[in-house]
Amino acid sequence: MPAYTQGKPAAADAFKLSSNENPFPPHPAVLAAIRDLDINRYPDASALAVRERLAARHGVTTDEVVVGAGSVSVLSQLISAAAGAGDEVVHAWRSFEAYPGLITVAGALGVRVPLTEDARHDLPAMRDAITDRTRVLIICSPNNPTGTVVGAEEFAELMAAVPPSLLVVLDEAYAEFVRDSSAVDGAALLRRYPNLVVLRTFSKAYGLAGLRVGYGIGPAPILDAARSAAIPLSVTEAAQRAVLAALDVEDELLENVGVLAERCARVQEALREQGWDVPVSQGNFVWLPTGDGTSRIADALGAAGLVVRAFPPEGIRVSIGEEESVATLLRICGEVVGTL
């Protein structure tokens, strides 16, 4: 199996648009919080202070919150706890490229359900893919790398149709960027379904990607199983302190998110005017359906100082980064759109 490959780094005179990172610098309050750490001591293994803060926010108990080294770490714990040899995990494709690896490592079989023509989750097809061997169903909204969202109504229809014993994981790593009021909101569903776990992260909107901290919210018995499958002490003291500080200045951080969401919408509109058939993205990235031209166009963008994430032969994911990168992005895209 191929190893997970992260977005390529960028030279000092280039823009890194390959990892969906938040381009704004760390908030001074966050930097102050992680200064002068006693790194010779272990962190709180349960991240209790963070769980208390998140539990109060979402109206749940601390046992209904699990914190991990990024939301993908929590997902790995859930898959390992729920699925093993002979079991199946259903997910959309293309979606987050870490999913197949996590499933394989757990010993299970991944069942990939193709996206629709407009790059969205095909929920009826995903429902039909469920068998008596299916243990986990993963829904990614907004979907990485296409940015499309699952609607609240269609998600409710899906949940009504799946067995209540099937673990459904709603991966909402980019939830804070969503501006579509019809999109599913996992935080509003926490008490409604006994088989649903919602994943969130502090890597994107809160700008803590380098500290690796995310969380899951759901029924305590399911999260207890996830905790049993965790690597102990994987959430560092620096990460826990940074989260608490970020939540204290959340309004300022979400202002930056609003700037990125507006910038993303502006880029999409400009791309469509150029003739690109880009799906509506509610993340901090856009998807270019470049097909067989993927590698060639990624190279052209790279030569212009824009490091992007290419998925040959399907398309290119471009993170919304610094404002200074936008003009170059649109110039190169305008030049190559006629070559597809």
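No experiment lies behind these values; they were computed from the predicted model shown. As a basis for the values below, the full set of heavy atoms in this structure was taken, side chains included, without hydrogen atoms, waters or symmetry mates. All residue numbers refer to positions in the sequence shown, counting from 1.
Atom CG of Asp180 has more than 12 heavy atoms from other residues, nucleotides or ligands within 6.0 Å. Annotation for Leu254: atom CG counts as buried by contact number, over 12 foreign heavy atoms lying within 6.0 Å.
Judged purely by atom type and a 3.5 angstrom limit, Trp276 uses its side chain to pair as donor or acceptor with the backbone of Cys333. Formation of a donor-acceptor pair under 3.5 Å by the Ser76 side chain with backbone atoms of Val72 is not found in this model. The backbone N or O of Asn20 sits less than 3.5 Å from a side-chain atom of Ser319, completing a donor-acceptor pair. With hydrogens and angles ignored, the 3.5 Å screen pairs no side-chain donor or acceptor of His58 with any backbone N or O of Val60. Judged by distance alone, the side chain of Ser73 and the main-chain N or O of Gly68 form no donor-acceptor pair under 3.5 Å.
Across all non-hydrogen atoms, the minimal contact from Pro289 to Leu340 is O-CD1, 4.3 Å. The shortest non-hydrogen separation linking Asp122 to Val113 is O-CG1, 4.2 Å. Across all non-hydrogen atoms, the minimal contact from Thr201 to Glu176 is O-OE2, 4.4 Å. Taking all atoms of both residues into account, the shortest heavy-atom contact from Ala238 to Ile34 is O-CG2, 3.3 Å. The shortest heavy-atom contact between Pro194 and Ile222 is O-CD1, 3.6 Å. For Val286 against Cys264, the heavy-atom pair with the smallest separation is CG1-SG, 4.0 Å.
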* Asked: Going through the distances and angles, do Glu314 and Arg94 end up as a salt bridge (charged side-chain N to carboxylate O under 4.0 Å, His left out)?
  -> CA-CA 9 Å; Glu314 297 162 83; Arg94 179 171 286 276; 2.8 Å; yes
* To do: For the pair Val318 and Leu329, evaluate side chain to side chain contact (heavy atoms under 4.5 Å, CB included) and give the outcome as yes or no after the intermediate values.
  => CA-CA 9 Å; Val318 184; Leu329 171 63; 4.0 Å; yes
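Under the 4.5 Å side-chain criterion, counting only non-hydrogen atoms from C-beta, Leu167 is not in contact with Leu137. Side-chain contact between Arg309 and Pro145: absent, with no pair of heavy atoms (C-beta onward) separated by less than 4.5 Å. Taking 4.5 Å as the limit, some side-chain heavy atom of Cys140 sits within range of a side-chain heavy atom of His121. Contact check for Val308 versus Arg317: no side-chain heavy atoms found under the 4.5 Å cut-off. Using a 4.5 Å cut-off on side-chain heavy atoms (C-beta onward), Leu247 and Val243 make contact. Residues Leu166 and Thr134 meet the side-chain proximity criterion, which asks for heavy atoms closer than 4.5 Å. Within the 4.5 Å cutoff, the side chain of Val259 has heavy atoms near those of the Phe24 side chain. Contact check for Leu170 versus Val197: no side-chain heavy atoms found under the 4.5 Å cut-off.
Residue pairs that meet the salt bridge (Lys or Arg N to Asp or Glu O under 4.0 Å) test with at least one member in residues 20-49, sequence neighbours left out, are Lys16-Glu21. Residues in residues 153-163 take part in these salt bridge (Lys or Arg N to Asp or Glu O under 4.0 Å) pairs, two or more places apart or across chains: Arg120-Glu154. Sequence neighbours left out, the pairs with a member in residues 186-196 that pass side-chain hydrogen bond (donor to acceptor under 3.5 Å, both in side chains) are Glu64-Arg191. Applying the salt bridge (Lys or Arg N to Asp or Glu O under 4.0 Å) rule to pairs touching residues 200-217 yields Glu172-Arg200, Asp185-Arg200, sequence neighbours excluded. Among residue pairs with one or both ends in residues 249-261, those qualifying as salt bridge (Lys or Arg N to Asp or Glu O under 4.0 Å) are Arg57-Glu250; sequence neighbours excluded.
By the ring-ring contact (aromatic ring centres under 6.0 Å, His included) test, Phe96 pairs with Tyr99, sequence neighbours left out. In terms of the salt bridge (Lys or Arg N to Asp or Glu O under 4.0 Å) criterion, Arg51 has no residue partners (sequence neighbours excluded). In this structure Arg296 satisfies the salt bridge (Lys or Arg N to Asp or Glu O under 4.0 Å) test with no other residue, sequence neighbours excluded. Remark: Asp128 pairs with no residue by the salt bridge (Lys or Arg N to Asp or Glu O under 4.0 Å) rule, at least two apart or across chains. Residues meeting the side chain to side chain contact (heavy atoms under 4.5 Å, CB included) test with Thr294, sequence neighbours left out: Thr290, Ala310, Pro312, Ile316. Residues passing the salt bridge (Lys or Arg N to Asp or Glu O under 4.0 Å) test with Asp224 are Arg227, sequence neighbours excluded. Listed by chain and number, the residues in a ring-ring contact (aromatic ring centres under 6.0 Å, His included) with Phe285 are Tyr174 (sequence neighbours excluded).
Put simply, Leu306 and Leu271 are part of the same group of oily side chains (I, L, V, M, F, W, Y) that touch within less than 4.5 Å, one to the next. Residues Ile138 and Leu102 share a hydrophobic cluster, clusters being chains of Ile/Leu/Val/Met/Phe/Trp/Tyr side chains in contact below 4.5 Å. When the side chains of ILVMFWY residues are joined at heavy-atom separations under 4.5 Å, either directly or via intervening members, Leu17 and Leu330 end up in a single hydrophobic cluster. Hydrophobic clustering, with ILVMFWY side chains joined whenever heavy atoms are under 4.5 angstrom apart, keeps Phe155 apart from Val280. Linking ILVMFWY residues whenever their side-chain heavy atoms come closer than 4.5 Å, directly or via other members, leaves Leu208 and Val257 in distinct clusters.
For the residue pair Ser95/Asn143, the side-chain donor-acceptor check at 3.5 Å is satisfied. Between the side chains of Asn284 and Arg263, no donor-acceptor pair of N or O atoms lies under 3.5 Å. No side-chain donor from either of Gln282 and Thr148 sits under 3.5 Å from a side-chain acceptor of the other.
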